[in-house]
Amino acid sequence: REFAKRGFFHIDLSPPNELKSWLRTQTQFVAKPIDGEVGRGVELIRCDRFSSPELIIQYLKKRRLLLIEEEIQQHDCLHKLNPASVNTIRVVTVLRNDSVQVIGSVLRMSCGSFVDNFSAGGIAAPIDSQTGKIIGPAVAIMPDENRYERHPLTNETIVGFQIPYWQEVLETIAKVARMIPEVRTVGWDLAISNEGPVLVEGNDNWGKTTMQIPFERGIRNVLLDAGV
């Protein structure tokens, strides 16, 4: 929780009383399938649609939504850029002899959807991993589609956008990348709140297209040079 900075539970592994108590404090929360990927199956659960925590849990188990977590409130400037989803940063790291190398970073945004995943209809823009500034237009997963210097729904400028708390993002990544050294390369997803970076999740089988299409280059040699 040091890096996640929010409440989260596994439905089948959490103490029932603790889980029910937490549900009573929520108005809505995010639920994910245990084996989900690329944003498929993620739901925003509104608690007022259920008369009791027991019925919420029943619904979640029926839908196999076993991972639940507090909704993230993103930074004001990212909300202005695209309020439809929490716009997350994907930072890919390689751990080599206790040295953490960042091999790429992108900002992911939805185009009206609740989820921002590149493979779920979202767009992604390349970030300069040293400065945290967006250095090119956002693109969709199909490379022949539009290139967006402004967000297609809000018309807010994408190119040149500065990710808040970028130095804190790099510091967070450097810490978490060393926590499980056996997993040498991870695609880290982070949100940015008004207080700083919030770790969403780490992906060992991270999607390579997200790091290639926005930059218009392959990364095979980068991964080979890193010994992955």
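Just so we're clear, the structure is a prediction, and the values are computed from it rather than from any experiment.
- The shortest side-chain heavy-atom distance between Lys133 and Ile127 does not fall under the 4.5 Å cut-off.
- Atom CD1 of Ile192 sits about 9.0 Å away from atom OH of Tyr165, to the nearest 0.5 Å.
- Distance OG1/Thr172 to NZ/Lys5: 5.5 Å, rounded to 0.5 Å.
- How far CD1 of Ile11 is from CZ of Arg63: 14.0 Å, rounded to the nearest 0.5 Å.
- Tyr59 and Ile68 fall within a single hydrophobic cluster, where Ile, Leu, Val, Met, Phe, Trp and Tyr side chains are chained together by heavy-atom contacts under 4.5 Å.
- For the atom pair CG of Asp128 and CD of Gln162, the computed distance is 9.0 Å after rounding to the nearest 0.5 Å.
- Residues Arg90 and Val92 are in side-chain contact: their nearest non-hydrogen atoms beyond the backbone lie under 4.5 Å apart.
- Of the possible polar contacts, one joining the Arg6 side chain to the Ala4 backbone as a donor-acceptor pair under 3.5 Å is found.
- In terms of hydrophobic clustering, with Ile, Leu, Val, Met, Phe, Trp and Tyr side chains grouped at heavy-atom distances under 4.5 Å, Met109 and Val159 are assigned to different clusters.
- Of the possible polar contacts, one joining the Thr154 side chain to the Leu81 backbone as a donor-acceptor pair under 3.5 Å is found.
- Glu216 has its side chain within reach of Arg147: a pair of non-hydrogen atoms, C-beta onward, lies under 4.5 Å apart.
- When atom types are taken as modelled, the side chain of Glu70 and the backbone of Phe29 share no donor-acceptor pair closer than 3.5 angstrom.
- Ser129 has its side chain out of reach of Val91: every pair of non-hydrogen atoms, C-beta onward, lies at least 4.5 Å apart.
- In this structure, the separation between CG on Leu170 and OG on Ser105 is 7.0 Å, given to the nearest 0.5 Å.
- Without hydrogens or angle criteria, Asp189 side chain to Thr88 main chain gives no donor-acceptor distance under 3.5 Å.
- The shortest side-chain heavy-atom distance between Leu60 and Ile45 falls under the 4.5 Å cut-off.
- Not one N or O on the side chain of Arg108 forms a donor-acceptor pair closer than 3.5 Å with the backbone of Ala124.
- Dense packing is recorded around CG of Leu55, with more than 12 heavy atoms of other residues, nucleotides or ligands lying under 6.0 Å away.
- Side chains of Lys61 and Asp12 form a contact here, defined as non-hydrogen atoms less than 4.5 Å apart.
- Using a 4.5 Å heavy-atom cutoff, the side chains of His75 and Leu78 are in contact.
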Original post:
Run the side chain to side chain contact (heavy atoms under 4.5 Å, CB included) check on Ile56 and Arg49 step by step: do they pass?
Top reply: CA-CA 9 Å; Ile56 297 176; Arg49 295 180 176 175; over 6 Å; no
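- Distance CG/Leu67 to CD/Glu201: 9.5 Å, rounded to 0.5 Å.
- Residues Ile123 and Cys111 come closest through the heavy atom pair CG2-SG, 3.8 Å.
- There is a path of hydrophobic side-chain contacts, each under 4.5 Å, that joins Leu65 to Trp22.
- Judged purely by atom type and a 3.5 angstrom limit, Arg178 uses its side chain to pair as donor or acceptor with the backbone of Asp98.
- With hydrophobic clusters built from ILVMFWY side chains whose heavy atoms lie under 4.5 angstrom apart, Val176 shares a cluster with Trp166.
- Residues forming a side-chain contact (heavy atoms from CB on, under 4.5 Å) with Val186 (at least two apart in sequence, or on another chain): Thr93, Val183, Trp188.
- Cluster annotation: Val102 is connected to Phe3 through the hydrophobic network of ILVMFWY side chains, with a link wherever side-chain heavy atoms come within less than 4.5 Å.
- Of the possible donor and acceptor atoms, none in the side chain of Glu69 sits under 3.5 Å from a partner among the backbone N and O of Val200.
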**OP:** Start with the C-alpha distance between Thr157 and Arg150, add both sets of side-chain angles, then the distance that settles side chain to side chain donor-acceptor pair (under 3.5 Å), and finish with yes or no.
**Re:** CA-CA 4 Å; Thr157 301; Arg150 292 178 174 271; 3.2 Å; yes
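- Of the possible donor and acceptor atoms, one in the side chain of His151 sits under 3.5 Å from a partner among the backbone N and O of Ser110.
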Subject >> Chi angles and distances behind the side chain to side chain contact (heavy atoms under 4.5 Å, CB included) call for Ile141, Thr209 >> reply: CA-CA 8 Å; Ile141 197 168; Thr209 54; 4.2 Å; yes
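- Of all the heavy atoms in Ile103 and Arg217, the pair that sits closest is O-NH2, 4.1 Å.
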**OP:** Go through Thr27 and Asp48 one step at a time and tell me if the side chain to side chain donor-acceptor pair (under 3.5 Å) criterion holds.
**Re:** CA-CA 7 Å; Thr27 55; Asp48 61 4; over 6 Å; no
Original post:
Would Glu156 and Asn82 satisfy side chain to side chain donor-acceptor pair (under 3.5 Å), going step by step from the backbone distance to the final call?
Top reply: CA-CA 8 Å; Glu156 292 291 325; Asn82 172 45; over 6 Å; no
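- Summarising the geometry of Val86 relative to Ile72, their closest heavy-atom pair is CG2-O, 3.6 Å, with the distance given to 0.1 Å.
- With contacts defined as side-chain heavy-atom distances shorter than 4.5 Å, the pair Lys32/Val42 qualifies.
- Looking at every heavy atom in both residues, Ser21 comes nearest to Thr25 through O-CG2, 3.4 Å.
- Taking the ring axis of Trp206 as reference, the NZ or CZ atom of Lys208 stays within 45° of it and closer than 6.0 Å to the ring centre.
- Shown here for Cys47 and Leu23, the closest heavy-atom pair between the two residues is SG-O, 4.3 Å.
- Across every non-hydrogen atom of Pro197 and Leu190, the tightest pair is CB-CD2, 4.1 Å.
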